[in-house]
Undergrad: 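My structure is below; once you've seen it, I'll send some questions.
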Amino acid sequence: MAGGRVMTDLQTLSADYLSLRRGLGARLTMTHWLLDRFVVWLTHRGAVFITTALALEWATEPRDVHPAWWARRLSEVRQFARYAHAIDPRHEVPPERLLPSPYQRRRPYIYSDAELDDLIGAARRLPGRLQPQTCATMLGLLAVTGMRSGEVVRLERDDVDLQGGVLTIRESKFGKSRLNFCHPSTLRELREYAARRDARFPHPQAGAFFLTDRGRRVRADILRKTFRTLSRQTGLRGPQDTHGPRLTDLRHRFAVRTLTHWYRNDVDVDRQLPRLSTWLGHASIVDTYWYLTAVPELMEQAARRLDDRPGRVGP
């Protein structure tokens, strides 16, 4: 059957492509999801090969979305098409500039101490027997360590050394692992949470450090949804707002406060920046330098440091 053969051929190409990239350390959750849909869409069209016209039509098919999402969809197809073209030149590779992404990285929102206290306080008032402690402790940990939310939900019990205060963050973004060290106050909070968790679930279903009211691992999407609820309750977002301060801004807060502290205490930021980059799990120190241009106060501090250099002449 021709349709079945096309589906099998495209599926095989897609599966081989994903397997190759995963072998190089990529996670590809969204890529896998998009390519599955693209392959099904091509098959329904009776297409045997990828063409630029079909790729563009599929990429722009969703209406009422930001153009950056079209660019993302086409970018995933383009990378797959390069692989397919190398195997069979009849597959076309969409040009790079066909749908340029208008996406610009958002300026981070830096939570004040009062706003963070309000968020954690609202989390402690959530319904449930363990959920309030779980959510409040996770928010606090994100704020004081700069971890990604996905890294926090993936923590296993063995990853949290409650004696030495060391967090092992395994196979995170870009396939990297790293160690983070807890302040004594953070370690105290983690111990208190673990004691409460173990009293509630002495024999949990999951080996995760953070558990839901049902003794299961906290899902990242549920954590984000809960955060949006808390941000509306505390006034960080309006009741109907779909955009506003994000969970990842807790990570930005940590990075910015660290850099600001260094500048105010006359620390050599250029020498210390690689340490912060490693701590945050950045793929490149360029990602850490971004904070110096994204936050006005840091730009001002950096400019002042430049002006104060010995031998500096003129305004």
Undergrad: If we ignore hydrogens and angles and just use 3.5 Å, is the side chain of Arg216 paired with the main-chain N or O of Asp213 as donor and acceptor?
TA: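 Checking the backbone N and O of Asp213 against the side chain of Arg216, no donor-acceptor pair under 3.5 Å is found.
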Undergrad: With sequence neighbours left out, what residues match Trp279 under side-chain contact (heavy atoms from CB on, under 4.5 Å)?
TA: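 Listed in chain order: Asn180, Phe181, Phe254.
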Undergrad: Rounded to the nearest 0.5 Å, how far does CD of Glu192 lie from CZ of Arg197?
TA: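 Answer for the CZ-CD pair, Arg197 versus Glu192, is 13.5 Å.
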Undergrad: Taking atom CZ of Arg63 as the centre, does the number of heavy atoms from other residues, nucleotides or ligands within less than 6.0 Å exceed 12?
TA: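 Yes, CZ of Arg63 has more than 12 neighbouring heavy atoms, counting only those of other groups under 6.0 Å.
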Undergrad: Could you tell me the separation between the CD1 atom of Ile87 and the CG atom of Leu13, rounded to the nearest 0.5 Å?
TA: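 Atom-to-atom, Ile87:CD1 and Leu13:CG are 5.0 Å apart.
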Undergrad: Got a sec, which residues hit side chain to side chain donor-acceptor pair (under 3.5 Å) with His183, two or more places apart in sequence or on another chain?
TA: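 Only Ser185 meet the side chain to side chain donor-acceptor pair (under 3.5 Å) criterion with His183.
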Undergrad: How about Arg196: does its CZ atom have over 12 heavy atoms from other parts shown lying under 6.0 Å from it?
TA: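 Counting neighbours around CZ of Arg196, 12 or fewer heavy atoms of other residues, nucleotides or ligands fall under 6.0 Å, so no.
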Undergrad: Should Leu280 and Asp287 be marked as a side-chain contact (heavy atoms from CB on, under 4.5 Å) after you check the CA-CA gap, both sets of side-chain angles, and the distance that decides it?
TA: CA-CA 10 Å; Leu280 292 170; Asp287 296 322; over 6 Å; no
Undergrad: Can you list the steps and then say if Glu115 with Leu236 is a side-chain contact (heavy atoms from CB on, under 4.5 Å)?
TA: CA-CA 8 Å; Glu115 288 171 333; Leu236 285 168; 3.6 Å; yes
Undergrad: Using the test side-chain contact (heavy atoms from CB on, under 4.5 Å), find all partners of Trp33 that sit at least two apart in sequence or belong to another chain.
TA: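 Checked Trp33 against side-chain contact (heavy atoms from CB on, under 4.5 Å); matches are Met30, Arg37, Trp69.
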Undergrad: List the residues meeting side-chain contact (heavy atoms from CB on, under 4.5 Å) with Asp88, not counting sequence neighbours, and say none if there are none.
TA: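 If we apply the side-chain contact (heavy atoms from CB on, under 4.5 Å) test to Asp88, skipping adjacent residues, the hits are Phe49, Arg90, His91.
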Undergrad: What heavy-atom pair brings Val269 and Trp262 nearest, and what distance separates the two atoms?
TA: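 Looks like CG2-CB, 3.9 Å.
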Undergrad: Mark yes or no for whether Thr134, through its side chain, and Leu211, through its backbone, hold a donor-acceptor pair below 3.5 Å.
TA: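 Yes; at least one donor-acceptor contact below 3.5 Å.
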Undergrad: How close do Gln205 and Arg214 get, counting heavy atoms only, and between which atoms?
TA: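 Smallest heavy-atom distance, with atoms named: NE2-O, 3.2 Å.
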Undergrad: Can you confirm whether Leu276 sits close enough to Pro274 that some side-chain heavy atom of one is under 4.5 Å from a side-chain heavy atom of the other?
TA: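 No, their side chains stay 4.5 Å or more apart.
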Undergrad: Mind checking whether Leu139 and Leu187 sit in one hydrophobic cluster, side chains of I, L, V, M, F, W, Y counted as touching below 4.5 Å?
TA: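 Shared cluster, yes.
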Undergrad: Is any side-chain heavy atom of Asp158 less than 4.5 Å from a side-chain heavy atom of Thr168?
TA: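 Answer no - side chains too far apart.
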Undergrad: Taking atom NE2 of His243 and atom CZ of Arg228, what is their separation to the nearest 0.5 Å?
TA: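 With rounding to 0.5 Å, NE2 (His243) is 10.5 Å from CZ (Arg228).
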Undergrad: Compare all side-chain heavy atoms of Arg237 with those of Pro245 and state whether any distance is below 4.5 angstrom.
TA: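 Side-chain contact under 4.5 Å: yes.
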Undergrad: Can any side-chain N or O of Asp198 pair as donor or acceptor with the backbone N or O of Ala195 at less than 3.5 Å?
TA: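 Flag not set: sc Asp198 to bb Ala195 has no pair under 3.5 Å.
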Undergrad: Got a donor-acceptor contact below 3.5 angstrom from the Arg217 side chain to the Val153 backbone?
TA: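 Yes, because the side chain of Arg217 sits within donor-acceptor range (under 3.5 Å) of the backbone of Val153.
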Undergrad: Ring centres of His252 and Tyr109 under 6.0 Å apart?
TA: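 No, ring centres 6.0 Å or more apart.
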Undergrad: In Å, rounded to the nearest 0.5 Å, how long is the span from CG of Leu42 to CG of Asp9?
TA: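 Atom-to-atom, Leu42:CG and Asp9:CG are 12.0 Å apart.
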Undergrad: Using a strict 4.0 Å threshold on nitrogen-to-oxygen distance, state whether Asp221 and Arg224 make a salt bridge.
TA: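 No salt bridge links Asp221 with Arg224.
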Undergrad: Main chain of Asp241, side chain of Arg232: is a donor-acceptor contact present, judged purely on distance under 3.5 Å?
TA: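 Judged by distance alone, yes, a pair lies under 3.5 Å.
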Undergrad: Between Ser14 (side chain) and Leu10 (backbone), is there a donor-acceptor pair under 3.5 Å?
TA: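 Not a single qualifying donor-acceptor pair exists.
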Undergrad: Using modelled atom types only, decide if a donor and an acceptor are shared between the side chain of Asp161 and the backbone of Gln163 within a distance under 3.5 Å.
TA: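 Yes: the side chain of Asp161 pairs with the backbone of Gln163.
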Undergrad: Run Leu155 and Val160 through side-chain contact (heavy atoms from CB on, under 4.5 Å) and show every step you take.
TA: CA-CA 7 Å; Leu155 282 175; Val160 183; 4.2 Å; yes
Undergrad: Does the side chain of Arg78 reach to within under 4.5 Å of the side chain of Leu74, using non-hydrogen atoms?
TA: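 Yes; the side chains approach each other to less than 4.5 Å.
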Undergrad: Over all heavy atoms of both residues, which pair between Ser149 and Leu247 is shortest? Give the atoms and the distance, please.
TA: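 Shortest heavy-atom separation between Ser149 and Leu247 comes out as CB-CD2, 3.6 Å.
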Undergrad: Going only through I, L, V, M, F, W and Y residues with side-chain contacts under 4.5 Å, is there a path from Leu18 to Leu20?
TA: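 Linked within one cluster.
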Undergrad: Nearest heavy-atom pair of Leu56 and Thr60: which atoms, and what distance?
TA: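 Heavy-atom minimum between the residues: O-OG1, 2.9 Å.
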Undergrad: Using modelled atom types and a 3.5 Å cut-off, is there a donor and acceptor pairing between side-chain atoms of Glu151 and backbone atoms of Arg148?
TA: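 Present.
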Undergrad: Can you sort out the partners of Tyr193 under ring-ring contact (aromatic ring centres under 6.0 Å, His included), two or more places apart, ordered by chain and number?
TA: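 Partners of Tyr193 under the ring-ring contact (aromatic ring centres under 6.0 Å, His included) test: Phe209, Phe210.
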Undergrad: Search all heavy atoms of Leu130 against all heavy atoms of Thr212 and return the closest pair with its distance.
TA: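 Where Leu130 meets Thr212 most closely, the heavy atoms are CD2-O, 3.8 Å.
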Undergrad: Should Ile50 and Leu34 be counted in the same cluster of Ile, Leu, Val, Met, Phe, Trp and Tyr side chains packed under 4.5 Å apart?
TA: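 Per the 4.5 Å side-chain linkage, Ile50 and Leu34 are co-clustered.
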Undergrad: Under a single-linkage definition using a 4.5 Å side-chain heavy-atom cutoff for Ile, Leu, Val, Met, Phe, Trp and Tyr, are Leu179 and Val144 assigned to the same hydrophobic cluster?
TA: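 Each belongs to a different hydrophobic cluster.
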Undergrad: Under a 4.0 Å N-O cut-off, is there an ion pair linking Asp113 with Arg253?
TA: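 Salt bridge present between Asp113 and Arg253.
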Undergrad: Looking at Arg82 and Glu92, is any side-chain nitrogen of the basic one under 4.0 Å from a carboxylate oxygen of the acidic one?
TA: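 Looking at Glu92 and Arg82, the cut-off is not met.
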Undergrad: Hydrophobic cluster membership, with links at side-chain heavy-atom distances under 4.5 Å among I/L/V/M/F/W/Y: are Leu54 and Leu98 in one?
TA: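 Looking at the clustering, Leu98 is in the same group as Leu54.
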Undergrad: Just verifying a value: how many Å separate Leu142 CG and Arg251 CZ, rounded to the nearest 0.5 Å?
TA: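 These two atoms lie 10.0 Å from each other.
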Undergrad: Got a sec, which residues hit side-chain contact (heavy atoms from CB on, under 4.5 Å) with Thr226, two or more places apart in sequence or on another chain?
TA: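 In terms of side-chain contact (heavy atoms from CB on, under 4.5 Å), with neighbours along the sequence ignored, Thr226 is linked to Leu126, Gln131, Cys135, Ile222, Leu230.
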Undergrad: If you measure from the Lys or Arg side-chain nitrogens to the Asp or Glu carboxylate oxygens, is any gap between Arg21 and Asp16 under 4.0 Å?
TA: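 Salt bridge absent between Arg21 and Asp16.
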Undergrad: Please report the C-alpha distance between Trp70 and Glu61 in whole Å, then the side-chain angles of each, then the deciding distance to 0.1 Å, and finally whether the side chain to side chain donor-acceptor pair (under 3.5 Å) criterion is met.
TA: CA-CA 8 Å; Trp70 292 343; Glu61 188 175 63; over 6 Å; no
Undergrad: Hey, are the side chains of Leu190 and Cys182 touching, using non-hydrogen atoms and a 4.5 Å cut-off?
TA: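 Leu190 vs Cys182: side chains touch.
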Undergrad: Using a strict cut-off of less than 4.0 Å between a Lys/Arg side-chain nitrogen and an Asp/Glu carboxylate oxygen, indicate whether Arg170 and Glu156 qualify as a salt bridge.
TA: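 Salt bridge absent between Arg170 and Glu156.
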Undergrad: Report, as yes or no, whether the 6.0 Å neighbourhood of atom CZ on Arg191 holds more than 12 heavy atoms from other residues, nucleotides or ligands.
TA: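 Yes, because the 6.0 Å sphere around CZ of Arg191 holds more than 12 heavy atoms from other groups.
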Undergrad: For Ala71, does its backbone N or O pair with a side-chain atom of Ser75 as donor and acceptor, under 3.5 Å?
TA: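 It does not hold such a pair.
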Undergrad: Identify whether the distance between the nearest side-chain nitrogen and carboxylate oxygen of Glu76 and Arg72 falls below 4.0 Å.
TA: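 Here Glu76 pairs with Arg72 in a salt bridge, since their nearest N and O are under 4.0 Å apart.
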Undergrad: Which heavy atom in Ala55 sits nearest to a heavy atom in Phe38, and how many Å separate them?
TA: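 Closest approach of Ala55 to Phe38: CA-CE1, 4.2 Å.
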Undergrad: Measuring from Leu116:CG to Thr234:OG1, what's the distance to the nearest 0.5 Å?
TA: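 One gets 10.5 Å once the value is rounded to the nearest 0.5 Å.
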Undergrad: Look only at the side chain of Asn265 and the backbone of His261, and say whether a donor-acceptor pair between them is shorter than 3.5 Å.
TA: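 Side chain of Asn265 to backbone of His261: a pair is present.
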